[in-house]
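For reference, the structure discussed in these notes is given below.
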There are 2 protein chains.
Amino acid sequence: MDRKKIDELIERYIKVSFTVTKRAEELVKCEIDPDITNEQHYLLRYIHQKERCTSTELANVFRVNKSAITAMINRLVEKGFVRRIRDEKDRRVIYLALTEKGSNLFASTEERVHKVVGSFITKFSEDEIESFIQTYEKLANVLLELEVES
Amino acid sequence: MDRKKIDELIERYIKVSFTVTKRAEELVKCEIDPDITNEQHYLLRYIHQKERCTSTELANVFRVNKSAITAMINRLVEKGFVRRIRDEKDRRVIYLALTEKGSNLFASTEERVHKVVGSFITKFSEDEIESFIQTYEKLANVLLELEVES
DNA sequence: TTTAATAGTTAAATAGTTGAACTATTTAAA
DNA sequence: TTTAAATAGTTCAACTATTTAACTATTAAA
């Protein structure tokens with residue numbers, strides 16, 4: 001691959017990822033309950049998927065400091081969507097889980113988010129979207145592997 | 001495409017885009033001058049590319065209210081990276097442009113960002129990355145067309 | 001049994017964001 | 001032509017998200 005082509009691809013990637021990220025965030029915002037933010041919805045998604053998890057785990061997955069997680073989780077706890085459960089074996093650890101209310105909010109919101117994502121994905125052929133996502137997943141794995149080095 | 005496959009693709013897309021976005025933001029942050037934020041770098045990039053633009057245009061491209069742009073541009077002006085230029089024909093309009101200092105900062109930062117993006121892109125074959133970006137661009141266009149409807 | 005490390009919180013500071021109210025200016029309508 | 005509507009941008013208050021440093025509590029290791 002020659003230098004010129006590489007530079008062209010880099011420029012295109014930077015531009016397109018900017019556009020898609022901004023627009024996708026906006027679409028998600030339209031679908032979620034106005035009572036929560038996009039980031040809060042992503043937290044609910046992660047906790048839902050794991051059933052329960054710790055602040056340290058969230059900080060690592062969301063790439064922020066633990067204190068940022070404390071602040072966001074506090075808001076979700078205040079709103080009654082998340083609860084803290086102290087580990088009885090290791091009393092330093094506090095597990096986070098969705099409440100009934102949080103679970104319901106997540107389910108109904110995620111259904112709308114799925115619909116809107118689906119409305120775009122179905123504009124592509126199965127082959128095209130499958131190979132797109134495969135490359136995207138490879139890229140994600142490359143980025144995830146970096147962590148080992150740091 | 002059957003329902004089950006669609007749902008699988010949606011799940012994979014949501015997951016992978018989350019991961020890549022978070023990790024990419026983190027990498028950019030490592031490369032940019034600690035004196036500016038990622039969003040500020042993206043503003044510098046856009047203004048650089050357009051040579052000059054307005055707040056209204058930035059608000060539309062960055063998908064935020066104009067008052068958010070005012071706040072961010074104020075910070076960049078205070079730091080001496082951006083200057084405001086009043087349009088003499090239509091005195092409501094204020095053009096934004098990079099200063100010499102802003103231009104230099106952007107150039108050196110963008111070089112590092114290019115390098116790090118390049119280090120990932122070159123892990124893929126030209127064919128694979130070309131078709132990945134093509135689909136990504138199609139997706140961006142689908143999202144950009146929505147604007148007309150709203 | 002001190003010392004290290006780990007898990008999480010608090011507090012101060014800053015960036016980014018929205019929404020409403022505002023100024024200034026230009027365009028359009030009566 | 002004068003008044004009303006639209007446009008461009010700013011200000012302000014309130015809020016979320018974030019970092020860094022200092023902190024508490026608890027567990028693991030020397």
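Residue numbers begin at 1 in each chain, while the letters A, B, ... track the order of the sequences.
- Using the Watson-Crick or G-U wobble rule with both distances under 3.5 Å, C:dG16 pairs with D:dC15.
- Closest to the side chain of A:Thr70, out of C:dT9, C:dA7, D:dG9, is C:dT9.
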Using nucleotides 1-6 of chain C, report all nitrogen or oxygen pairs with the protein that are shorter than 3.5 Å.
unit_1: C:dT6; atom_1: O2; unit_2: A:Arg92; atom_2: NH1; d: 3.2

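- Between the P atom of C:dT18 and the CD1 atom of B:Ile69 lies a distance of 9 Å, rounded to the nearest Å.
- Residues of residues 79-87 of chain B that place a heavy atom closer than 4.0 Å to DNA chain C do not occur.
- With salt bridges taken as basic N to acidic carboxylate O contacts below 4.0 Å, one links A:Lys22 and B:Glu39.
- In this structure, NE2 in B:His114 is found 6.5 Å from CG in A:Asp7, a value given to the nearest 0.5 Å.
- Distance CD (B:Glu88) to C1' (C:dT25): 13 Å, rounded to an integer number of Å.
- Look at B:Ser67 and you won't find any side-chain N or O under 4.0 angstrom from OP1 or OP2 of D:dC12.
- Checked against the 6.0 Å centroid threshold, A:Phe132 and A:Phe124 do not count as a close aromatic pair.
- In this entry the distance linking CD of A:Glu39 with P of C:dT18 reads 14 Å, nearest Å.
- Counting to the nearest Å, the P atom of D:dT16 and the CD1 atom of A:Ile73 are 14 Å from each other.
- As a whole-Å value, the separation of B:Leu58 CG from C:dT17 P is 12 Å.
- Look at NZ on A:Lys29: it is 11 Å from C1' on C:dG19, rounded to the nearest Å.
- Atom CG in B:Asn65 sits about 5 Å away from atom C1' in C:dT18, given to the nearest Å.
- Between B:Lys5 and B:Leu9, the closest side-chain pair of non-hydrogen atoms falls below 4.5 Å.
- Mapping A:Lys22 and A:Asn74 onto DNA chain C via the closest heavy atom, the residue that lands nearer the 5' end is A:Asn74.
- When the C1' atom of C:dT23 is taken as reference, atom CD1 of B:Ile94 falls 12 Å away, rounded to whole Å.
- Side-chain nitrogen and oxygen atoms of B:Arg75 include at least one within less than 4.0 Å of the OP1 or OP2 phosphate oxygen of C:dA15.
- In this structure, the side chains of A:Glu128 and A:Lys123 stay at 4.5 Å or more apart for every pair of heavy atoms.
- Between the B:Arg84 side chain and the B:Ile94 main chain, no donor and acceptor come within less than 3.5 Å of each other.
- Using a 4.5 Å heavy-atom threshold, the side chains of A:Thr37 and A:Gln40 count as touching.
- Glycosidic conformation of C:dA4: syn, with the torsion inside 90° of 0.
- The nearest heavy atom of DNA chain D to A:Arg91 and to A:Asn38 marks one nucleotide each, and the one closer to the 5' end goes with A:Asn38.
- Across all strands shown, A:Thr37 has heavy atoms under 4.0 Å from sugar-phosphate atoms exclusively, and none from any base.
- For A:Phe62 and B:Phe18, the distance between ring centers is under 6.0 angstrom.
- DNA chain D is contacted by both B:Val93 and A:Gln40; B:Val93 maps to the nucleotide lying nearer its 5′ end (nearest heavy atom per residue).
- In this structure, B:Asp90 reaches the sugar-phosphate backbone alone: every heavy-atom distance under 4.0 Å involves primed, P, OP1 or OP2 atoms, never a base.
- Taking every heavy atom of both residues into account, B:Ala97 and B:Ile85 meet most closely at CB-CD1, 3.9 Å.
- Here CD of A:Glu25 is found 7.5 Å from OG1 of B:Thr21. Values are rounded to the nearest 0.5 Å.
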